[in-house]
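A quick write-up on the structure given underneath.
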Amino acid sequence: MEQANPAEVATARNRKVVLREYISRAPMEDDMLLVDGGAVPLRVPEGAAGPAVLVKNLYLSCDPYMRGRMRDNPNSYIPPFKPGSVIEGLGVARVVDSTHPGFSAGDIVSGMTGWEEYSLIQKPEQLNKIQQSDIPLSYHLGLLGMPGFTAYAGFYELCSPKKGEFVFVSAASGAVGQIVGQLAKLHGCYVVGSAGTNQKVELLKDKFGFDAAFNYKEEPDLTAALKRYFPEGIDIYFENVGGSMLDAVLVNMRVHGRIAVCGMVSQHGMTDPVGIHNLYYLVPKRIRMQGFIQSDYINLFPQFVDDMAKHYRDGKIVYVEDMSIGLENAPAAFVGLFSGENVGKQVVCVSQE
């Protein structure tokens, strides 16, 4: 490919969101800083170590797992962020320039990118090319992205559902929970979800088709609440919150119940996490409780995309996202995840061009 004269290469301003320093508590907006990264040439640098792709970021995903990357924990399954460096996350972007044979200018891609306006992707083999369709591009960060795949893999592979079983989903209106509940309904299960506001409770019942739902903040006794909604007990619990909710669930599980541990958002900001008191119930009830990461099942991703896109087009799955506009609002959008301010999948729109 013929290189343009350096003097003729267009440039653009590149604002970035960087991490100030490591934290050991719940994240706050001030932990992140919006900085001007100066002008970036709109082409892959000639000195790049290998094939690379320069992208303009369109949508960024806010996900709870990113909280763990703000902690100085080199032993985590995913490396921590570096203070002073741009925050990384999943995103949807448009290719501006490429020296990789698999990508061309104008392609729409999804994958790991920076919280900035332009990113140089030096491992482009990890990007997925998106074929534009009737499905919104931002849905590739939720319904057809990591949260959707987490729901799909966790429910089918770990929960081994059977028609007629009783399913409970915590944080049920979030990016993962809303899909788990709908997949369970499609499978013929009885589904109850919990959420933190009455608006979200109504969303679960009216929009997502849950059989019942409750506001956990209005329940003084979670064990009694679950007994009320599941008088015969719970077969499957899709765990998103941990803490007192998990304790209450363990008491209400049925024999040979399954618990898929996706996350424990209630514990993310604690330096002294709350212990679980009812683990003994795993023994007499022969409960299988397993944590997982969606990448463990990456071989299922193509089938997931096909299945979920069909469900969406057939009207069998609906999806709700919470869109913040502007890179400058990304820190607030992320922090809101941990106080339940988002309704549905939290996404930041950086650009629609």
Side-chain angles (χ1 to χ4, degrees), residues 26 64 67 151 154-155 158-159 161 165-182 184-185 189-206 208-291 336-344:
R67 160 67 186 87
F155 183 64
L158 271 74
C159 297
E165 288 193 314
F166 301 103
V167 177
F168 176 52
V169 185
S170 56
S173 68
V176 176
Q178 61 176 281
I179 296 179
V180 173
Q182 292 180 84
K185 286 300 299 176
C189 299
Y190 175 83
V191 185
V192 177
S194 66
T197 70
N198 292 332
Q199 175 197 9
K200 292 178 181 179
V201 167
E202 294 308 309
L203 190 70
L204 293 175
K205 295 186 290 186
D206 299 340
F208 300 134
F210 282 56
D211 293 290
F214 65 91
N215 183 343
Y216 70 89
K217 293 179 182 177
E218 295 182 351
E219 297 291 346
D221 185 337
L222 291 174
T223 300
L226 290 173
K227 181 66 175 176
R228 190 166 72 246
Y229 285 99
F230 294 99
E232 298 180 52
I234 300 167
D235 291 297
I236 292 171
Y237 174 44
F238 202 94
E239 163 70 305
N240 288 308
V241 300
S244 58
M245 184 66 82
L246 175 57
D247 247 350
V249 166
L250 286 165
V251 178
N252 282 280
M253 290 296 290
R254 301 181 80 184
V255 172
H256 297 302
R258 287 85 70 202
I259 300 176
V261 184
C262 173
M264 294 191 175
V265 72
S266 72
Q267 307 298 295
H268 282 190
M270 295 191 174
T271 54
D272 185 20
V274 176
I276 302 299
H277 303 282
N278 294 324
L279 278 178
Y280 173 71
Y281 284 90
L282 294 176
V283 181
K285 297 190 177 204
R286 286 87 87 196
I287 300 166
R288 188 179 78 233
M289 180 172 166
Q290 181 179 343
L337 290 177
F338 302 95
S339 56
E341 292 182 24
N342 59 301
V343 178

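All of these numbers come straight from a predicted model, not from anything done at the bench.
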Work out which heavy atom in F166 is nearest to a heavy atom in G233; give both atom names and the distance.
CB-O, 3.5 Å
Looking at every non-hydrogen atom in both residues, tell me the closest pair between I287 and M253 and how far apart they are.
CD1-CB, 3.5 Å
Considering residues at least two apart in sequence or located in another chain, which fulfil the side chain to side chain contact (heavy atoms under 4.5 Å, CB included) criterion with A212?
Y190, V192, Y229
Minimum heavy-atom distance N240-A171, with the two atoms named:
CB-CB, 3.7 Å
Flag the pair Y237 / M245 as yes when at least one side-chain heavy-atom distance between them is below 4.5 Å, and no otherwise.
yes
Report the distance from atom CZ of F238 to atom CD1 of I179, rounding to the nearest 0.5 Å.
10.0 Å
Would you please name every residue forming a salt bridge (charged side-chain N to carboxylate O under 4.0 Å, His left out) with E218, sequence neighbours left out?
none
Using side chain to side chain donor-acceptor pair (under 3.5 Å) as the criterion, list what pairs up with D235, not counting sequence neighbours.
R254
Does a side chain donor of either Q199 or T197 reach within less than 3.5 Å of an acceptor in the other side chain?
no
Minimum heavy-atom separation for Q182 and Q178, please, with both atom names.
NE2-O, 3.0 Å
Just how far is it from atom CZ of R67 to atom CZ of F338, taken to the nearest 0.5 Å?
7.0 Å
For E219, give me all partners under salt bridge (charged side-chain N to carboxylate O under 4.0 Å, His left out), at least two apart in sequence or on another chain.
R228
Note: S173 and K200 closest approach over all heavy atoms is OG-CD, 3.3 Å
About how many Å separate CG of L246 and NE2 of H277, when rounded to the nearest 0.5 Å?
11.0 Å
Could you give the distance from NZ (K205) to CZ (F214), rounded to the nearest 0.5 Å?
11.5 Å
Test side chain to side chain contact (heavy atoms under 4.5 Å, CB included), reference V169, set V180, L204, I236, output is V180
If you measure from OG on S170 to CE on M264, what distance do you get to the nearest 0.5 Å?
9.5 Å
Pairing residues for D211 by the salt bridge (charged side-chain N to carboxylate O under 4.0 Å, His left out) criterion, not counting sequence neighbours:
K185
Sequence neighbours excluded, which residues qualify as salt bridge (charged side-chain N to carboxylate O under 4.0 Å, His left out) partners of E165?
R258
Is L250 close to I259 at the side-chain level, that is, under 4.5 Å between some pair of heavy atoms?
yes
Relative to each other, are the rings of F168 and F230 parallel, tilted or perpendicular (30° and 60° limits)?
perpendicular
Working to the nearest 0.5 angstrom, can you tell me the gap between E239 CD and L158 CG?
13.0 Å
